[in-house]
Every structure is written in C-alpha cells, then in structure tokens.
Amino acid sequence: MFFALLLAAALPIVSVDEVRVHAGDNAVWSSPVFDDSSWQRMPLDAVPHAGDAVWLRARVDLTSFQRDPHHPLGIQFSGLASHELYWDGVRIGGSGVVARTAVAEKPGRIETQVQVPDRLATPGVHTIAIRASAFHRGFQPRNGYWTILVGDYDLLRDLHTRRAHRAMFALSGIIVTAVFAFAMFLLARRDRTFLLLGTLCLAAAALLISEAWRSLYGYTYDWHLARIRAVVAFSWLVGVQLVALLVTRFPHRRGRAVFLGTAAIASILPFCFEAWDPKSLWIFIVCCSVALAWAIFAAVRRMHGSTLALIGTGVVTVALFIDPWAWVDNVLYLALNFLFFCLLCSHALEVRREQQEKARLQLEMVRRHLQPHFLMNTLTALSEWIEEEPKTAVRMIESLSDELRILGEMSTKTLVTADEELRLCRSHLANMSLRKDVAYELEVDGVDGSRLVPPAVFHTLVENAITHGSSAPRVTMRLSCRDARYVFESPVDASDDRVPQAGSGTRYIEARLREAFGDAWSFRQGRVGDVWRAELML
C-alpha cells in the first residue's frame with residue numbers, strides 16, 4: 001500500500017486505497033448503478049479471506065485526470081486471488097477462474113495490467129468492480145490484496161517491468177563478481193575467502209531472482225508461498241555467508257563462535273514473526289550488524305583490507321537502518337553490488353600484497369644462502385681443501401652444488417615435501433661439516449616425508465643451530481613430529497644465555513608459515529637446559 005501511495009503522489013496515477021466489500025456472488029454487483037452503501041467499507045489491504053467468492057467495489061474520479069490522448073487508459077490489480085475486472089459494469093479482463101469452491105477455482109496471476117477501452121475511458125466518475133476468490137494461497141497473509149492503480153496503460157506496464165530491469169542490472173554485477181571470485185579461487189586454491197565470496201554472490205543472485213520473479217515473469221498466486229519461502233531461505237543464506245566471509249577473511253580465535261551464534265539467531269528469527277517480510281528484514285538486520293561489528297574489529301586491529309570491508313558493510317548497514325522497508329524492496333541489490341565490489345577489491349589488494357610478500361620471501365631465501373659473507377667463507381675453505389685434500393674439495397663442491405640446486409628448485413614454491421626440506425638440510429650440514437671440521441648430524445623421528453611444509457623453514461633452524469649452537473667437535477640435532485607438531489632441538493654451550501629474539505631467521509620462518517597457513521600455526525623457541533628448542537604447530 002505504501003508503494004501505491006508513493007506512485008500516486010509522484011506519477012499521474014490514481015490509487016484506490018479503500019473499497020466496499022461483500023462475500024458471495026451476483027452478476028448485478030458489477031453494475032455502476034448498484035447501491036453498495038450497505039457493504040462494509042475498509043482499506044484494500046485489510047480485506048480478509050471470506051471462504052467464498054468476494055466482490056470489491058470502488059469509484060474513481062477521472063474528471064481532472066490528465067493523460068496523453070494517444071495512450072490508452074489502464075488498470076492494474078495486484079493480489080493473491082483469481083479475479084475479474086469490471087469497468088462501469090463491463091468486464092475488461094482478469095486472470096484465472098473465479099469460483100466459490102477450491103475445486104472449481106483456477107488460480108490467477110498475482111499481478112495484471114488491463115487496458116480500458118477508449119469508449120469507456122471518459123472523464124468523470126467511474127465504478128471499478130472486482131470479482132475475486134482465493135482458495136489456493138496455502139497460508140493466511142497479512143495483506144491478501146495489494147494495489148488497484150488507474151493510469152496510463154503504457155506507464156503501468158513500464159512500472160511493472162522497471163523493477164525487473166533494475167534487478168537484471170544488479171544481477172549482472174553480482175554474476176561478474178562471482179565469476180571473478182571463482183577464477184581467483186582457482187588460481188589460489190588455499191584462499192577460501194574467494195570461494196566464500198563466489199558462493200555468497202551466487203546466493204545473492206538466487207535471492208535477487210526470487211525477488212524479481214514476480215515482476216520479471218509473474219506467476220499464479222498459488223506459487224506465492226513458495227516464492228516468499230525461497231526469499232527467506234536465500235536471505236538467511238546471504239546474511240550468514242556474509243558473516244562467514246568476514247570471519248574467514250579477518251580471522252580471530254572467537255570467529256567460529258561469532259559465526260555459529262549469528263547463524264543460530266538468524267535461524268530462529270523466521271519463527272518469531274507471522275508476516276513474511278519481517279523475517280527477511282530481521283535476518284539482514286542481525287547479520288549486517290554482526291558483519292559491520294566484525295569489520296570494525298578488523299579495522300581496529302589494522303588487518304590488511306579491513307578498510308574496504310568496513311566501507312562496504314558500513315554503507316549496506318546504514319542504508320538498511322535509514323529505511324528498512326525500502327531497503328528490502330529497492331536498495332538491497334544495489335547495496336549488495338557495492339558491498340561485493342568493496343570485498344572483491346579488498347581481496348584483490350590482499351592477493352597483490354601476498355604476491356609481493358611471496359616474491360620478497362623468495363628473494364630472501366636466495367639472499368640468505370648467497371650472501372657475500374657465506375660465499376667468501378665457503379670459497380676460502382674450498383681453496384684450502386683444493387691445495388691440501390683435493391678429494392675433500394670435490395665432496396665440498398658436490399654438497400654445495402646439491403644445496404644450491406635444491407634451493408633453486410624450492411625458491412618459487414609455497415610448500416614443499418618434508419623429504420625435499422630434509423635433503424636441503426642434510427646438504428647444508430654436509431657442506432658446513434667440511435667447512436668447520438665439525439661432525440654435524442640431523443636425527444629425524446616421526447616426520448612424514450610426503451607432508452607439505454614451507455620451504456627452508458627447517459633449514460633456517462639448522463642454520464641458526466650451526467651459527468649460535470654448540471662448539472663441540474660433534475653436534476647432533478634432532479627433528480621430531482607428532483601429528484602436526486614439529487620439534488627441533490640442538491645442543492648449546494653451557495655459557496649460552498640467549499633469550500628468544502625476532503631476528504631475520506625468525507622473521508623469515510614466521511612469514512613463510514603465515515604465507516602457507518594463514519593464522520593456523522604457532523612458532524615458539526627458547527632454551528631448555530642445554531638444548532635450544534623450537535616448536536612449530538601447523
């Protein structure tokens with residue numbers, strides 16, 4: 001009814017807001033001279049279901065109504081009923097078969113526009129009579145009859161399709177975002193946020209199609225319950241997936257609890273209201289509020305991409321609270337397009353940052369092993385061995401070349417097998433054993449060689465153990481694994497009083513773990529007796 005009043009105020013359209021109502025069936029009741037003064041007068045949207053055929057009558061004054069003489073006059077009826085439309089006693093259209101029993105009735109379309117013959121479209125007062133029946137609704141709606149509009153027939157038809165065109169425009173943006181998100185997911189399979197964004201866009205597209213179904217294709221009124229159930233279901237899916245996306249995109253240990261709590265509340269809300277529109281509205285109010293709060297939380301923590309996510313969720317939530325009912329009917333899809341655009345840009349910028357970080361890590365891995373100090377010491381030792389023990393020099397060259405070859409193979413990878421990582425460690429130990437004349441050894445216990453780990457992480461621990469560890473002539477390091485918990489131990493001198501510090505090696509390990517596993521890891525190290533112990537939980 002609000003929409004009809006808005007149209008009548010802004011366009012050359014007459015809205016019929018009140019009607020006289022009587023249950024039963026009599027052909028005389030369509031006549032303009034019939035006296036309906038004894039019939040009950042009520043707002044159109046308050047007409048109850050009578051359990052019988054029902055007649056609605058109203059008079060419309062077109063004395064001062066202005067319309068293009070080249071355009072026909074039209075009448076639009078919207079409601080959950082089969083109906084016949086009469087203009088001054090002449091049947092001008094309808095939909096379905098009106099009857100006094102459910103068996104005899106054939107459901108009509110939910111919305112029709114009918115042209116008034118030119119001979120009847122004269123200035124003055126005219127009588128509109130509607131014969132209707134509604135036995136196939138499947139539920140008791142709060143409003144069974146929505147609008148009766150009189151005006152330019154072409155304009156009424158345009159209004160009918162305008163919303164569908166707006167929906168299709170919004171749908172195109174949502175589908176493009178979904179395609180891009182799925183493409184990005186295929187290029188970076190570990191990034192679940194792109195997968196969630198893609199599925200969120202598909203859910204929003206399904207919601208949009210469910211909403212636009214009425215204006216785009218139309219349907220008989222017995223399908224209305226199925227449509228509004230679909231709208232509520234997809235509203236729940238969109239709202240809950242939005243929260244899931246932000247919780248995944250900006251992780252925190254309480255994220256799972258927030259997501260499950262929001263999903264539970266959104267699941268209960270539809271049972272708290274009898275009317276259907278508030279069900280979807282309150283689902284969005286709860287989910288958008290939680291999404292906005294999480295985006296603010298991420299922005300406070302200065303997480304990458306949180307600013308764009310905050311802008312997107314902020315605009316959607318503010319628009320929702322400014323005018324909730326207009327938001328559901330008209331603003332929803334444009335707002336979601338803007339939100340998805342912000343989230344997509346946020347993800348794209350994050351991918352770019354991760355690629356730059358990956359390139360930096362690759363360069364750092366090579367730089368750490370080809371730094372001038374390392375090469376100078378290696379070449380100095382090698383020149384001495386060539387003069388004194390050529391066979392040892394050959395072994396040294398072989399171990400160094402093997403280490404550099406493995407390093408080159410790993411440099412462009414985010415994850416490698418544990419076997420590859422252990423080969424790199426043992427090649428480095430063989431090289432350093434010859435260089436320092438120390439018997440370095442690495443014992444391995446419980447490590448699955450096929451399991452994936454970030455490149456050069458264990459190798460960095462081995463390097464640190466050689467640089468800062470025991471100065472004994474024989475040094476045995478140990479790497480063990482139970483489930484996803486790796487423990488690296490190396491002996492230290494009794495005089496070593498180091499405390500854990502975030503040096504270049506530690507920063508490299510943490511960056512590699514973050515690149516490969518997001519926040520699903522932990523790394524800590526420190527001295528335990530005469531052993532330096534590093535623990536990685538993947």
Side-chain angles (χ1 to χ4, degrees), residues 177 181 184-185 188 190-201 204 238-266 269 282-322 324 327 331-332 335-358 360-361 500 502 506-507 509-524 537:
T177 304
M184 292 299 294
F185 173 71
R190 291 174 305 281
D191 192 346
R192 291 181 299 164
T193 54
F194 280 114
L195 178 62
L196 286 171
L197 179 58
T199 56
L200 173 59
C201 289
V238 169
V240 170
Q241 279 196 298
L242 175 60
V243 175
L245 172 62
L246 291 177
V247 167
T248 304
R249 175 71 176 79
F250 308 110
H252 187 267
R253 58 187 177 85
R254 295 180 181 175
R256 184 181 180 86
V258 170
F259 166 71
L260 293 177
T262 304
I265 294 173
L269 282 173
W282 276 100
I283 287 173
F284 278 114
I285 288 175
V286 170
C287 292
C288 288
S289 298
V290 173
L292 176 60
W294 196 264
I296 293 174
F297 182 51
V300 170
R301 289 186 292 158
R302 298 179 180 274
M303 301 187 73
H304 294 287
S306 59
T307 301
L308 280 172
L310 177 59
I311 292 173
T313 55
V315 167
V316 169
T317 308
V318 169
L320 170 60
F321 279 95
I322 288 177
W327 190 86
V331 183
L332 169 62
L336 288 181
N337 263 285
F338 179 75
L339 172 61
F340 295 160
F341 175 76
C342 290
L343 293 176
L344 185 62
C345 289
S346 172
H347 294 344
L349 291 174
E350 179 64 11
V351 168
R352 180 182 178 185
R353 187 194 68 81
E354 289 177 353
Q355 291 175 341
Q356 291 174 340
E357 177 68 9
K358 184 176 181 179
R360 187 192 67 79
L361 288 174
T506 299
R507 288 192 295 271
I509 292 173
E510 291 176 343
R512 277 297 191 187
L513 293 173
R514 189 177 300 108
E515 176 198 23
F517 302 110
D519 285 344
W521 60 273
S522 66
F523 172 58
R524 57 188 179 188
M537 180 68 74

#### Entry: Sub-4.5 Å side-chain heavy-atom contact between Leu336 and Leu242
no

### Summary
Note: Phe284 and Leu320 closest approach over all heavy atoms is O-CD2, 3.7 Å

### Message
With a 4.5 Å cut-off on side-chain heavy atoms, are Phe340 and Asn337 touching?
### Response
no

### Query
Heavy atoms, side chains only, cut-off 4.5 Å: are Glu510 and Trp521 in contact?
yes

### Task
Apply side chain to side chain donor-acceptor pair (under 3.5 Å) to Thr248 and list each qualifying residue two or more places apart in sequence or on a separate chain.
none

### Heavy-atom side-chain contact between Cys287 and Val243 under 4.5 Å
yes

Acceptor/donor pairs from residues 305-315 side chains to any protein atom, 3.5 angstrom cut, sequence neighbours excluded:
residue: Ser306; atom: OG; partner: Met303; partner atom: O; Å: 2.7
residue: Thr313; atom: OG1; partner: Ala309; partner atom: O; Å: 2.8
residue: Thr313; atom: OG1; partner: Leu310; partner atom: O; Å: 3.3

### Message
Set out, in order, the CA-CA distance, both residues' side-chain angles and the distance that settles side chain to side chain contact (heavy atoms under 4.5 Å, CB included) for Leu343 and Leu246, then state yes or no.
### Response
CA-CA 9 Å; Leu343 293 176; Leu246 291 177; 3.9 Å; yes

### Message
Would the distance check show the side chain of Thr262 and the main-chain N or O of Val258 forming a donor-acceptor pair, the cut-off being under 3.5 Å?
### Response
yes

### Query
Which is it for Phe297 and His252 under the side chain to side chain contact (heavy atoms under 4.5 Å, CB included) test, yes or no, and what are the steps along the way?
CA-CA 10 Å; Phe297 182 51; His252 187 267; 3.8 Å; yes

### Query
If you look at every heavy atom in Leu344 and Thr177, which pair is closest and at what distance?
CD2-CG2, 4.0 Å

### Task
Quick one: list whatever passes salt bridge (charged side-chain N to carboxylate O under 4.0 Å, His left out) with Arg524, sequence neighbours left out.
Glu535

### Query
Taking the side chain as C-beta and beyond, is there a heavy-atom pair between Leu200 and Leu196 under 4.5 Å?
no

### Minimum-distance pair of heavy atoms, taken over all atoms of Cys288 and Val316
SG-CG1, 3.9 Å

### Query
Side chain of Trp294, backbone of Phe250: donor and acceptor closer than 3.5 Å?
yes

### Task
Could you grab the distance from atom OG1 of Thr199 to atom CG of Leu245, nearest 0.5 Å is fine?
8.0 Å

### Query
Cationic tip of Arg192 within the cone over Phe194's six-membered ring, i.e. under 6.0 Å and within 45° of the normal?
no

### Task
Taking all non-hydrogen atoms of both residues into account, name the closest pair between Val247 and Arg256 and its distance.
CG1-N, 4.3 Å

### Query
Would you find more than 12 non-hydrogen atoms of other residues, nucleotides or ligands less than 6.0 Å from Phe341 atom CZ?
no

### Message
With a 4.5 Å cut-off on side-chain heavy atoms, are Val240 and Ile283 touching?
### Response
no

## Note on the structure
Smallest heavy-atom separation, Arg249 atom then Thr193 atom, equals CA-CG2, 3.5 Å

